[in-house]
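Inspection log for the structure reproduced underneath, given as structure tokens.
So you know, we letter chains A, B, ... as the sequences are listed, proteins then strands, and number each from 1. The structure presented is a predicted model; accordingly, all values stated were derived computationally and were not measured.
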Number of protein chains: 2
Amino acid sequence: MSSKTVDKALQVLDMFTLKHPKWGLRELSRELDMSHTIVHRMLTTLEERGYVYRSVDTQKYELGIKLLELSNVVEQHFQISEIIHPIMHKIASETGESVVMTLLDNEEGVFSKIVESSQQVRFAGSVGRRSPLYIGASHKVILCHLPKDVQRRIVRQGAETHPDLVPSADALLQRLEEIDRNRWAYSAGETISDVAAVSIPLFDYGHKVLGSLSIAGPSYRLTEEVAQEILPNLERHRPELDSILSKVCFPTRRNFLLESLH
Amino acid sequence: MSSKTVDKALQVLDMFTLKHPKWGLRELSRELDMSHTIVHRMLTTLEERGYVYRSVDTQKYELGIKLLELSNVVEQHFQISEIIHPIMHKIASETGESVVMTLLDNEEGVFSKIVESSQQVRFAGSVGRRSPLYIGASHKVILCHLPKDVQRRIVRQGAETHPDLVPSADALLQRLEEIDRNRWAYSAGETISDVAAVSIPLFDYGHKVLGSLSIAGPSYRLTEEVAQEILPNLERHRPELDSILSKVCFPTRRNFLLESLH
DNA sequence: GAATATTGGTTCTATTATCGAACCACTTAG
DNA sequence: CTAAGTGGTTCGATAATAGAACCAATATTC
């Protein structure tokens, strides 16, 4: 059993996103459909521990410095700065494009690390960005390695909520099978317009998908032909990345996903 | 009034540090002096929302990916990657040493951003590291701009808890006055052995200290003479940094500190 | 290999912390 | 001046929490 009170506090915390990083008390309580009293209590508690603070000039609540601290513990554990970052950097300099690491979390993909290329025109997406698994190469390459039942459910959701991006559920399922066979994916202009990406999946001991590694750049430069040429730059580093991620994966939440089948 | 339940959950979260990033349930409950039932409830709640997960091989709890997401919101808001990072990068390439941004939080200094130099031997400290204000140039340069009462209290604490680092409270207070006059500080081997640093304070609209900016490198290379020479590289960028931080400072927690005086 | 002491996890009820309507004091808009 | 915002507070009915006692499973001990 989980704590309802704490869950509410986390709901509050979850409202602070890139798109909406500042909230007024009443505004937030309306959005969450909670009494402003309780939101106020949650915020003061979070504030006392540095997770949140109230800006004096805007009079609104924002995320606090404490989160930088905690995220660093995660990064360190992930060995991102020590091992993964250098690898991504190497690929970026070899190909001249940005490199993105995506991780599977719950039923979504999260951009967890981005190394930008040095070119003037480059992919400069934002870390922490989270989107459904049916959009973009980096996400589809993950989706196609999940159990068929989950695939179908997510694709169906996609067809319902984003008919513009997923015009046909069946076509997407076929595409996923194709990606599965190839072990890599290419897409252009799906997550962000004018941005294309090539992606390979990353595995846990060679079994389950943990995420993906992608090279991303402007569509006009990163055509499907170019993508195929630079694919080996990604593949080359897969063994290392797999073995690191195997040790520091986030299996539990993925298990939630898998368990949800029965 | 703040929520006791939520506060307990945050206490749990706060236990995951760089030094101790993995916890067993019982181990954690003992350390926190809480019933294991409640710690368990907190952890499951945190787990459901991705703040924490339980590793399958170690059977221990660790911080989850959600925190990367939230920290990115903070970083974005701070405009670290957009504005501050380039400035720090410039200083690093000008001086050939690492550059560190420290922020005042509660009564401690937190390394909030580090740009490493490209030299083989370089300062490569860890972001998120938190230490008392009486240790190191980056922290003392903050401390000396706090109200005299606070200074005295913190220095006294330092003399009690770390007599090795603060042999004489009076000597340190004098040193702080000196730093205050100079508007910069130099230290060697205090926070980390063999590492020296030059620091300047960063202000909120020219009034209150928000943090500091430092150049850090190996003591043998970054002597006090060298430090003085490269000081202008820091000073040059102060106006920009001050104006950015003024807009995105974390005043509330600092106010806690100031209010605690009366 | 039986005994012991861990581990993570669950159940149940007396107790306690939480919730939310109603309430400030203050600012802004009309 | 009124009306409708804002953030913040109070207090009693109520619902969620705490924690002892309980598993089942694994490690450790002898």
Side-chain angles (χ1 to χ4, degrees), chain A residues 1-13 15-16 20-64 249-256 258-260, chain B residues 1-13 15-16 20-64 249-256 259:
Chain A
M1 202 54 200
S2 72
S3 161
K4 297 193 178 173
T5 315
V6 174
D7 191 73
K8 277 171 196 161
L10 297 182
Q11 275 183 55
V12 169
L13 215 47
M15 294 300 289
F16 295 84
H20 203 148
K22 304 178 183 189
W23 288 94
L25 171 60
R26 239 78 177 195
E27 183 189 11
L28 191 50
S29 75
R30 248 179 283 120
E31 189 70 23
L32 285 166
D33 198 31
M34 291 185 195
S35 152
H36 77 275
T37 316
I38 157 175
V39 176
H40 179 255
R41 176 132 42 103
M42 297 312 167
L43 286 171
T44 18
T45 316
L46 290 167
E47 186 174 29
E48 277 176 11
R49 295 223 164 250
Y51 287 77
V52 132
Y53 75 99
R54 203 160 81 87
S55 163
V56 271
D57 31 299
T58 66
Q59 290 283 87
K60 292 192 170 191
Y61 287 91
E62 305 177 25
L63 292 180
C249 61
F250 290 94
T252 317
R253 295 204 89 199
R254 210 190 46 250
N255 288 350
F256 277 166
L258 298 179
E259 279 163 18
S260 69
Chain B
M1 203 53 202
S2 72
S3 161
K4 296 193 180 174
T5 314
V6 174
D7 192 73
K8 277 171 198 162
L10 298 181
Q11 274 182 56
V12 169
L13 216 47
M15 294 300 288
F16 295 84
H20 204 148
K22 305 178 183 189
W23 287 94
L25 172 60
R26 240 73 178 200
E27 184 189 10
L28 191 50
S29 75
R30 249 179 282 118
E31 190 69 24
L32 285 165
D33 198 29
M34 291 185 195
S35 152
H36 77 275
T37 316
I38 157 174
V39 176
H40 178 256
R41 176 131 43 103
M42 298 312 169
L43 286 171
T44 8
T45 316
L46 290 167
E47 186 173 28
E48 278 176 9
R49 295 223 163 249
Y51 287 77
V52 132
Y53 75 100
R54 203 161 81 87
S55 164
V56 271
D57 32 296
T58 66
Q59 290 283 87
K60 292 192 169 188
Y61 288 92
E62 307 178 22
L63 292 180
C249 61
F250 290 94
T252 318
R253 295 205 88 199
R254 210 189 47 250
N255 287 350
F256 278 166
E259 278 162 18

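- The side chain to side chain contact (heavy atoms under 4.5 Å, CB included) test with His40(B) is passed by exactly one of Thr45(B), Leu28(B), Leu25(B): Leu25(B).
- The side chain of Arg26(B) lies closest to dG8(C) when the candidates are dA22(C), dG8(C), dG7(D).
- Phosphate proximity of dG8(C) to Arg41(B): absent, as no side-chain N or O sits under 4.0 Å from OP1 or OP2.
- Lys8(A) has no side-chain polar atom (N or O) that falls below the 4.0 Å cut-off from OP1 or OP2 of dT18(C).
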Go through the steps to decide whether Thr5(A) and Met42(A) satisfy the test side chain to side chain contact (heavy atoms under 4.5 Å, CB included), and finish with yes or no.
CA-CA 9 Å; Thr5(A) 315; Met42(A) 297 312 167; 3.7 Å; yes
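- For the C1' atoms, the distance from dG20(C) to dC24(C) is 16 Å, rounded to whole Å.
- Nearer to the 5' terminus of DNA chain D, by closest-nucleotide assignment, is the contact made by Leu25(A) (compared with the other of Ile38(B) and Leu25(A)).
- The phosphate of dT7(C) has neither OP1 nor OP2 within less than 4.0 Å of any side-chain N or O from Tyr61(B).
- Counting heavy atoms from C-beta on, the side chains of Tyr53(A) and Leu46(A) never come closer than 4.5 Å.
- Remark: C1' of dA18(D) and CG of Leu32(B) are 15 Å apart, rounded to the nearest angstrom.
- Contact between the side-chain N/O atoms of Arg54(B) and the OP1/OP2 oxygens of dG8(C) is not found at any separation under 4.0 Å.
- Within the structure, a side-chain polar atom (N or O) of Thr5(B) is placed less than 4.0 Å from OP1 or OP2 of dT18(C).
- At dG8(C), none of the side-chain N or O atoms of His40(B) fall inside 4.0 Å of OP1 or OP2 (strictly under the cut-off).
- Comparing dC22(D) with dA18(D), their C1' atoms are spaced 16 Å from each other, to the whole Å.
- Distances shorter than 4.0 Å separate none of the side-chain N or O atoms of Thr37(A) from OP1 or OP2 on dA21(C).
- Separating the CG atom of Asp7(B) from the P atom of dT16(C) is a distance of 18 Å, rounded to the nearest angstrom.
- In summary, Glu62(A) and Arg54(A) do not engage in a salt bridge, as defined by a charged side-chain N under 4.0 Å from a carboxylate O.
- Atom C1' of nucleotide dG7(D) and atom CG of Leu46(A) are separated by 16 Å, given to the nearest angstrom.
- Atom CD of Gln59(B) and atom C1' of dT6(C) are 13 Å apart (whole Å).
- Between the side chain of His20(A) and the backbone N or O of Lys22(A), at least one donor-acceptor pair lies under 3.5 Å.
- Side-chain nitrogen and oxygen atoms of Ser3(A) include none within less than 4.0 Å of the OP1 or OP2 phosphate oxygen of dA16(D).
- Side-chain atoms of His36(B) and base atoms of dG19(D) include no donor and acceptor less than 3.5 Å apart.
- Glu27(B) places its CD atom 16 Å from the P atom of dA27(D), with the value rounded to the nearest Å.
- Annotation: of the two residues near DNA chain D, Ser2(A) and Trp23(A), the 5′-most nearest-nucleotide partner is Trp23(A).
- Distance Lys4(B) NZ to dG19(D) C1': 16 Å, rounded to the nearest Å.
- Separating the CE atom of Met34(B) from the C1' atom of dT16(C) is a distance of 16 Å, rounded to the nearest angstrom.
- Note: NZ (Lys60(B)) to P (dG9(C)) measures 14 Å, nearest angstrom.
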Working for side chain to side chain contact (heavy atoms under 4.5 Å, CB included), residues His36(B) and Arg30(B):
CA-CA 8 Å; His36(B) 77 275; Arg30(B) 249 179 282 118; over 6 Å; no
